[in-house]
**Student:** 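One structure coming up, written as structure tokens, with questions to follow.
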Number of protein chains: 2
Amino acid sequence: MPDFAEPLARLINEFKRLPGIGQKSAQRIAFHVLRAGREDAEHLARAILDVKDKLGLCAVCNNISDSEICQFCRDPNRDSRVVCVVEEPHNIIGIETTREFNGRYHVLHGALSPLRGIGPESLKIKGLVERIGQGGIEEEIVATNPTVEGEATAVYLARLLKPLGVKVSRIAMGIPVGSDLEFADEVTISKAMEGRREM
Amino acid sequence: MPDFAEPLARLINEFKRLPGIGQKSAQRIAFHVLRAGREDAEHLARAILDVKDKLGLCAVCNNISDSEICQFCRDPNRDSRVVCVVEEPHNIIGIETTREFNGRYHVLHGALSPLRGIGPESLKIKGLVERIGQGGIEEEIVATNPTVEGEATAVYLARLLKPLGVKVSRIAMGIPVGSDLEFADEVTISKAMEGRREM
């Protein structure tokens with residue numbers, strides 16, 4: 001590594017620690033910050049600290065929120081009878097961009113993974129059971145990832161929640177829209193066949 | 001755009017303004033910062049402000065430096081007779097990683113571009129002429145980019161500096177090592193032919 005001036009080397013190292021940013025990107029971004037005005041740098045630094053200081057978890061669904069109850073749990077126009085269960089807060093964004101879902105959410109903050117020592121007690125499952133106990137929920141849509149961990153979590157939740165009298169459904173797995181069968185792996189194709197719908 | 005909590009939306013927007021970072025990367029990085037400890041976030045924020053507060057330009061070569069004279073101009077082991085002229089400070093890094101060059105540098109902070117209103121007076125050329133006037137420099141290696149602007153700058157510098165009694169050379173243009181002739185454009189191939197060397 002060639003010698004950068006110390007503050008620059010430190011900034012490059014800090015950027016490199018962020019996901020998806022390697023040495024070259026970190027250098028490019030650091031030089032960008034260096035060229036930008038001090039005010040722009042301040043805004044960026046301030047924004048970084050503010051997410052740590054001003055955000056917490058929603059008391060109802062565990063989504064990230066700047067108030068005690070998040071915007072989705074607060075919104076009276078959303079359907080309280082349907083709750084979509086996701087692994088991480090950012091999964092909500094993906095679902096919201098579709099504009100197809102108008103129910104509530106519940107964030108588990110992870111998925112079951114015995115290998116990594118993540119059992120049901122490590123996830124925000126207790127709150128979900130309590131929400132169902134309070135009544136009014138008719139369906140839980142389990143939108144955990146289609147991975148081994150996500151599937152295991154879905155199966156666990158189905159066994160746990162069905163006896164409480166709610167319908168538990170799972171999002172469909174299949175070929176992504178706009179993709180080609182040629183590029184899909186056999187498990188995905190088999191899931192797509194299994195989940196076929198009459199036209 | 002779905003609703004993020006305000007501090008999170010602001011951080012995502014700040015990251016999106018950085019080069020090479022789009023919406024998805026910005027979200028990923030912002031969620032990473034959110035999950036990281038407060039201390040890590042502080043280090044990042046501090047590093048951003050420090051590059052603005054603690055760095056300036058070297059009084060000799062205009063490289064970015066945390067002292068009045070940069071490490072390359074200070075180093076007594078470097079050869080003062082050869083000066084490599086580059087467009088931007090980060091170009092120095094590329095050259096330093098080769099470990100082939102042991103001379104000094106001069107940073108122009110741009111390249112001539114009449115279309116964008118960048119003339120010789122916008123570049124750090126005056127200081128270069130002064131350095132040559134002080135004596136001791138025998139060769140200027142012009143390592144501006146092989147673009148229209150970089151070439152124009154190189155031609156301009158050659159005309160300006162040769163009468164001062166220094167040798168002015170230009171880095172070689174040709175096929176990148178490890179690449180294939182098939183993928184090279186005709187201008188690059190023609191430059192490679194032109195710059196051929198006897199074996």
Side-chain angles (χ1 to χ4, degrees), chain A residues 1-8 10-15 17-21 24-25 27-38 40-56 58 63-67 70-72 75 88-90 92-97 99, chain B residues 1-8 10-15 17-21 24-25 27-38 40-56 58 63-67 70-72 75 88-90 92-97 99:
Chain A
M1 267 294 301
D3 287 342
F4 287 97
E6 191 276 332
L8 190 59
R10 187 150 45 85
L11 182 60
I12 291 171
N13 274 328
E14 287 292 337
F15 280 134
R17 299 179 59 191
L18 301 176
I21 298 192
K24 288 242 169 174
S25 301
Q27 282 179 24
R28 200 159 142 231
I29 297 171
F31 276 103
H32 171 91
V33 171
L34 191 59
R35 269 192 299 267
R38 181 148 204 314
D40 285 342
E42 267 169 31
H43 287 164
L44 177 57
R46 188 73 257 153
I48 288 165
L49 295 177
D50 278 355
V51 297
K52 303 307 299 178
D53 295 339
K54 297 191 179 165
L55 291 179
C58 169
N63 183 21
I64 284 153
S65 176
D66 54 355
S67 49
C70 82
Q71 70 263 44
F72 302 113
D75 188 345
E88 299 291 346
H90 61 253
I92 293 179
I93 310 308
I95 296 170
E96 280 297 299
T97 45
R99 301 184 181 281
Chain B
M1 266 295 302
D3 287 342
F4 287 98
E6 191 277 333
L8 190 58
R10 187 150 45 86
L11 183 59
I12 292 170
N13 273 328
E14 288 291 337
F15 279 134
R17 299 179 59 190
L18 301 176
I21 298 191
K24 290 242 168 173
S25 300
Q27 283 179 23
R28 199 158 144 232
I29 296 171
F31 275 104
H32 171 92
V33 171
L34 191 59
R35 271 191 299 266
R38 179 145 204 318
D40 285 342
E42 268 169 30
H43 287 164
L44 177 57
R46 188 72 256 153
I48 288 165
L49 295 178
D50 278 356
V51 296
K52 302 307 299 179
D53 295 339
K54 297 191 178 164
L55 291 179
C58 169
N63 183 22
I64 285 153
S65 176
D66 54 354
S67 49
C70 80
Q71 70 263 42
F72 301 112
D75 188 346
E88 299 290 345
H90 61 253
I92 293 180
I93 311 307
I95 295 169
E96 280 299 298
T97 46
R99 301 183 181 281

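Lettering of chains follows the sequences in order, A, B, ..., and the numbering in each one begins at 1.
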**Student:** Quick check on the interface: out of B/Arg38, B/Lys54, B/Arg46, B/Arg35, who has the most heavy-atom pairs with chain A under 4.5 Å?
**Tutor:** B/Arg38

**Student:** Please report the C-alpha distance between B/Phe15 and A/Ile48 in whole Å, then the side-chain angles of each, then the deciding distance to 0.1 Å, and finally whether the side chain to side chain contact (heavy atoms under 4.5 Å, CB included) criterion is met.
**Tutor:** CA-CA 10 Å; B/Phe15 279 134; A/Ile48 288 165; 4.2 Å; yes

**Student:** A/Asp40 versus chain B, heavy atoms under 4.5 Å apart: side chain, backbone, both or neither?
**Tutor:** both

**Student:** Is B/His43 in contact with chain A via its backbone, its side chain, both, or neither, using a 4.5 Å heavy-atom distance?
**Tutor:** both

**Student:** Would you say A/Leu8 and A/Phe31 make side-chain contact, with heavy atoms under 4.5 Å?
**Tutor:** yes

**Student:** Heavy atoms only, distances under 4.5 angstrom: which of A/Glu6, A/His32, A/Glu42 has the most pairs with chain B? Name it, please.
**Tutor:** A/His32

**Student:** What's the shortest heavy-atom distance between A/Val51 and B/Pro7, and which atoms?
**Tutor:** CG1-O, 3.4 Å

**Student:** I'd like to verify something: which residue of A/Pro19, A/Ala5, A/Gly20 has the highest number of heavy-atom pairs under 4.5 Å with chain B?
**Tutor:** A/Pro19

**Student:** Given side chains that start at C-beta, do those of B/Ile21 and A/Ile21 come closer than 4.5 Å, heavy atoms only?
**Tutor:** yes

**Student:** Do A/Arg10 and A/Glu14 sit within salt-bridge range, that is, some charged N less than 4.0 Å from a carboxylate O?
**Tutor:** no

**Student:** Taking every non-hydrogen pair under 4.5 Å, which of A/Ala36, A/Cys70, A/Ser25 racks up the most with chain B?
**Tutor:** A/Ala36

**Student:** Taking every heavy-atom pair that is under 4.5 Å apart, which of B/Asn13, B/Asp50, B/Leu44 has the most such pairs with chain A?
**Tutor:** B/Leu44

**Student:** What part of B/Leu34 lies closer than 4.5 angstrom to a heavy atom of chain A: side chain, backbone, both or neither?
**Tutor:** both

**Student:** Where on B/Ser65 is there a heavy atom nearer than 4.5 Å to chain A: the side chain, the backbone, both, or neither?
**Tutor:** backbone

**Student:** So which heavy atom on A/Ala41 is nearest to which on B/Lys52, and how close?
**Tutor:** CB-CG, 3.5 Å

**Student:** Does some side-chain heavy atom of A/Val33 sit less than 4.5 Å from a side-chain heavy atom of B/Leu18?
**Tutor:** yes

**Student:** Let me know if B/Ile12 has heavy atoms under 4.5 Å from chain A in its side chain, its backbone, both or neither.
**Tutor:** neither

